[in-house]
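Only this structure's heavy atoms are used, side chains among them; waters, hydrogens and symmetry mates stay out.
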Protein chains: 2
Amino acid sequence: MSEETVLSQAAPGRKQQQRSIVTQQKLLDAAIEAFSENGFKGTSTRDIAERAGVHHPLITYHFKNKDQLWRAAADHIFIAFSHSLAKSLEENRDMCPKKRMSAMIFAYVNYAKSQPALHKVMVQEASYPSPRLEWLIEKHLKPLFQVTFGMIEKLQQLGVAPPGNPALLFNMIRLSSGGLLALGNELAGSSGIDIENPETLSEIADMIIRVFLPGEVPAASAAQKGAAA
Amino acid sequence: MSEETVLSQAAPGRKQQQRSIVTQQKLLDAAIEAFSENGFKGTSTRDIAERAGVHHPLITYHFKNKDQLWRAAADHIFIAFSHSLAKSLEENRDMCPKKRMSAMIFAYVNYAKSQPALHKVMVQEASYPSPRLEWLIEKHLKPLFQVTFGMIEKLQQLGVAPPGNPALLFNMIRLSSGGLLALGNELAGSSGIDIENPETLSEIADMIIRVFLPGEVPAASAAQKGAAA
DNA sequence: ACTTTATTTTTCCAAACTGGAAGATTTCCG
DNA sequence: CGGAAATCTTCCAGTTTGGAAAAATAAAGT
C-alpha cells in the first residue's frame, strides 16, 4: 500500500488502487485535525473516521491502529514541512545568509498558516513525556534543528543575529511564527490580529526578521556565502 | 463556600471548614495539571479526582460540574498571573519604561516556569472555537493585554522597541517566554535546553530583552516616566 | 452533650464510547 | 470472468463517561 501506509507490505500481488490513496489521504487530514485539536488521548478513532467521512474500520485496514495512524499523520506534517524549508533554501542558495534565513522564515510562517497542526501537535505531545514525543524528537525535530542551529550561529558571527545560545534564539523564532499562528482563534479576539489576512502573514514575517535579524551582512560576505570557516 | 467556589452561596448558616478549602485547592491544582495536559475534552473528572487524591463526587459538591471546575481552574491561573505582573509593575513604578518592562518580562518568565499551564491551556483552548475560549478572552486576556499594549507603544515611541504592530510584538514576547517554557519536555531532547536550570530562565529573559527591547531610553525620559503624552 | 449543618464516602446508573475483530460485500485490475 | 483490493456492516466485551442520590462522618454552634 504505497509509501503512505505502515511498513511496506512485502510483495502485494496487485498495485494500490486510486480510491485507497484517496481514503488514506482523507484519514490523514482528519487525523491531523483531530489530534491537533484534542491530543492523542483525547481523540478517538471514530472521531477521525467521521471527520474523514469514512467508516472507522478502515483505519485498522490502512494504518493498523491508532498509534500508527498518529505516526503517519506526524510524518505527513513534518515531511511536508521540511520539504517546504528545503525548497526555500534551494531557491536562495546563492543569496547572502540573511536573505536565505529571511526566506526560510517566510516559508516557515506560510507553512505554519496552512498547517497550524505543526505547532499544535508539538504542544500537545510536549505536555507530558511519551514514546510519541521521543519518536518525534529523534525522527523529525533533531535533524531539522541541527541544520538551523548552524545557520543561526553563522548569522551571529556575522553580527546579523544577536548573541546568545543559538538554540534558544532559534526556538524563539520558531514560536514567534508557528506558535503565534497556532493561537489564531485567540488572537482575533484578544489582540485584534487577523491571521486570515494575507498581509498579516507578511507583517509577522517582517517583524520576526526585524527583531531577530536586525544586523546587516558585512560587504565582504554579502556577495557569496562562506566567510568565517 | 468562600471565594474559591462557584457563585456565592447566598447566606450559608455556617462558615466553611478548613478541610473543604484544602480539598478545593487540591482539586484546582489537579484540574490545572490535567486540563493543561489533555485539554477540556480529553480530561475526565475522575482523572482529576484521582490526581487530587479525592473521591470524584467531591467535584460535583464543590464545583457543580466539569465546566465550572474548568472555569475555577482558569481563574486560579490567570488571577495569580496578573497579580504577579501587577506586583512587578508596582515594585518598579519609579524606574524607566525599559526597566519596568524588563522586570515584567522576568516576572512573566518566572511565572510561566512555575505554572506552565498558563500557556498550555491557552493553546488547548485556542485549538477550536468554544464558549470557554470566548470567556477566557473576555474575562482575562483582554484586560491584561490592554495594559501591555500601551506599554509597548510607549517603548516604541522611545525607540526602545522596534516599530510595527504593538499587539504583534507583544504576542511574540509572550510566546518567546510562556510558549517556550510550555515546550520544556521537548526542548531538552530537541535543543539541549534545560528549563529546570534556573540560569536558563535568566538566559531566556535576557535574550527576550536583548531582542525585543534593543534600544536605550533617551536621557530626557530616563529620570522619570511620561515623556510623550 | 446535643443538634444542626458541612463535608465526605459509598453505591449506583444509563449512556456513550473505547479500539479492534470478523465476515459479508462491493469495486476494480488483469 | 477470476481473484485480489478495498469497503461496508455488524458485533463485542469492556471501560469510561458525567452526574445523582443516599448514607456516613466530621465539625460547628449552642
Side-chain angles (χ1 to χ4, degrees), chain A residues 1-28 30-31 34-35 37-73 132, chain B residues 1-28 30-31 34-35 37-73 132:
Chain A
M1 301 129 172
S2 94
E3 67 281 29
E4 294 290 356
T5 317
V6 207
L7 307 160
S8 58
Q9 194 122 10
R14 258 181 225 198
K15 79 167 184 183
Q16 183 186 31
Q17 299 179 8
Q18 187 61 28
R19 55 181 182 152
S20 146
I21 298 176
V22 172
T23 301
Q24 290 183 352
Q25 192 57 52
K26 284 194 288 188
L27 278 172
L28 281 176
F35 283 133
E37 281 182 15
N38 298 315
F40 183 82
K41 187 191 155 198
T43 301
S44 71
T45 56
R46 284 176 154 88
D47 178 20
I48 294 172
E50 206 166 322
R51 291 179 195 237
V54 144
H55 293 259
H56 87 270
L58 283 179
I59 289 178
T60 312
Y61 179 72
H62 286 288
F63 298 95
K64 181 75 179 167
N65 58 33
K66 185 180 172 182
D67 193 77
Q68 295 294 317
L69 173 57
W70 184 89
R71 284 175 153 79
R132 293 182 303 281
Chain B
M1 304 127 177
S2 93
E3 66 281 26
E4 294 291 356
T5 317
V6 209
L7 305 160
S8 58
Q9 194 122 11
R14 261 180 223 197
K15 78 168 185 184
Q16 182 186 32
Q17 300 180 7
Q18 188 62 29
R19 55 180 182 156
S20 146
I21 297 177
V22 172
T23 301
Q24 290 183 352
Q25 192 57 54
K26 285 195 287 188
L27 278 172
L28 281 176
F35 283 133
E37 281 181 15
N38 297 314
F40 183 81
K41 186 191 156 196
T43 301
S44 72
T45 56
R46 283 174 154 88
D47 178 20
I48 294 171
E50 206 166 322
R51 291 179 195 236
V54 144
H55 293 262
H56 87 271
L58 282 179
I59 289 178
T60 311
Y61 179 72
H62 286 288
F63 298 95
K64 181 76 178 167
N65 59 32
K66 185 179 173 181
D67 193 76
Q68 294 294 318
L69 173 56
W70 183 90
R71 284 176 153 79
R132 293 183 303 283

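Following rounding to the nearest Å, A/His55 (NE2) and C/dG23 (C1') show an atom-to-atom distance of 16 Å. Rounding to whole angstrom units, NE2 of residue B/His56 and C1' of C/dT8 are separated by 13 Å. Rounded to a whole Å, the CD atom of A/Gln24 is 12 Å from the C1' atom of D/dA5. Rounding to whole angstrom units, CD1 of residue A/Ile21 and C1' of D/dA5 are separated by 12 Å. Residue B/Leu58 contributes atom CG, which lies 15 Å from atom C1' of D/dA21 at whole-angstrom precision. The nearest whole Å value for the distance from the CG atom in A/Leu69 to the P atom in C/dG20 is 10 Å. Spacing between atom CD of B/Glu50 and atom C1' of D/dT15 amounts to 14 Å, rounded to whole angstrom units. Put simply, CZ on A/Phe40 is 10 Å from C1' on C/dG19, counting in whole angstrom units.
Distance from the side chain of A/Arg19 is smallest for C/dC28 among the nucleotides C/dC28, D/dG18, C/dT18. Taking the side chain of B/Tyr61 as heavy atoms from C-beta on, and the options C/dT18, C/dT10, C/dT8, the nearest nucleotide is C/dT8. For B/His62, whose side chain is taken as the heavy atoms from C-beta onward, the closest listed nucleotide among D/dT7, C/dC13, C/dT8 is C/dT8. Comparing C/dG19, C/dT7, C/dT8 by their nearest atom to the side chain of A/Lys66 picks out C/dG19.
Close to D/dT7, at under 4.0 Å from its OP1 or OP2, lies a side-chain N or O of A/Thr23. A/Ser20 has a side-chain polar atom (N or O) that falls below the 4.0 Å cut-off from OP1 or OP2 of D/dA6. An OP1 or OP2 oxygen of C/dT18 is reached within less than 4.0 angstrom by a side-chain nitrogen or oxygen of A/Ser44. For D/dG19, the OP1/OP2 oxygens have no side-chain nitrogen or oxygen of B/Thr60 closer than 4.0 Å.
No side-chain heavy atom of B/Ile59 sits under 4.5 Å from any side-chain heavy atom of B/Arg46. Counting only heavy atoms from C-beta outward, the side chains of A/His62 and A/Val54 never approach each other to under 4.5 Å. The shortest side-chain heavy-atom distance between A/Val22 and A/Lys26 falls under the 4.5 Å cut-off. Side-chain contact between B/Phe63 and B/Gln24 is present, with heavy atoms from C-beta onward closer than 4.5 Å.
Between A/Gln18 and B/Pro57, it is A/Gln18 whose nearest contact on DNA chain D lies nearer the 5' terminus.
Using cut-offs of 30° and 60° for the angle between ring planes, the B/Phe40 and B/Trp70 rings count as perpendicular.
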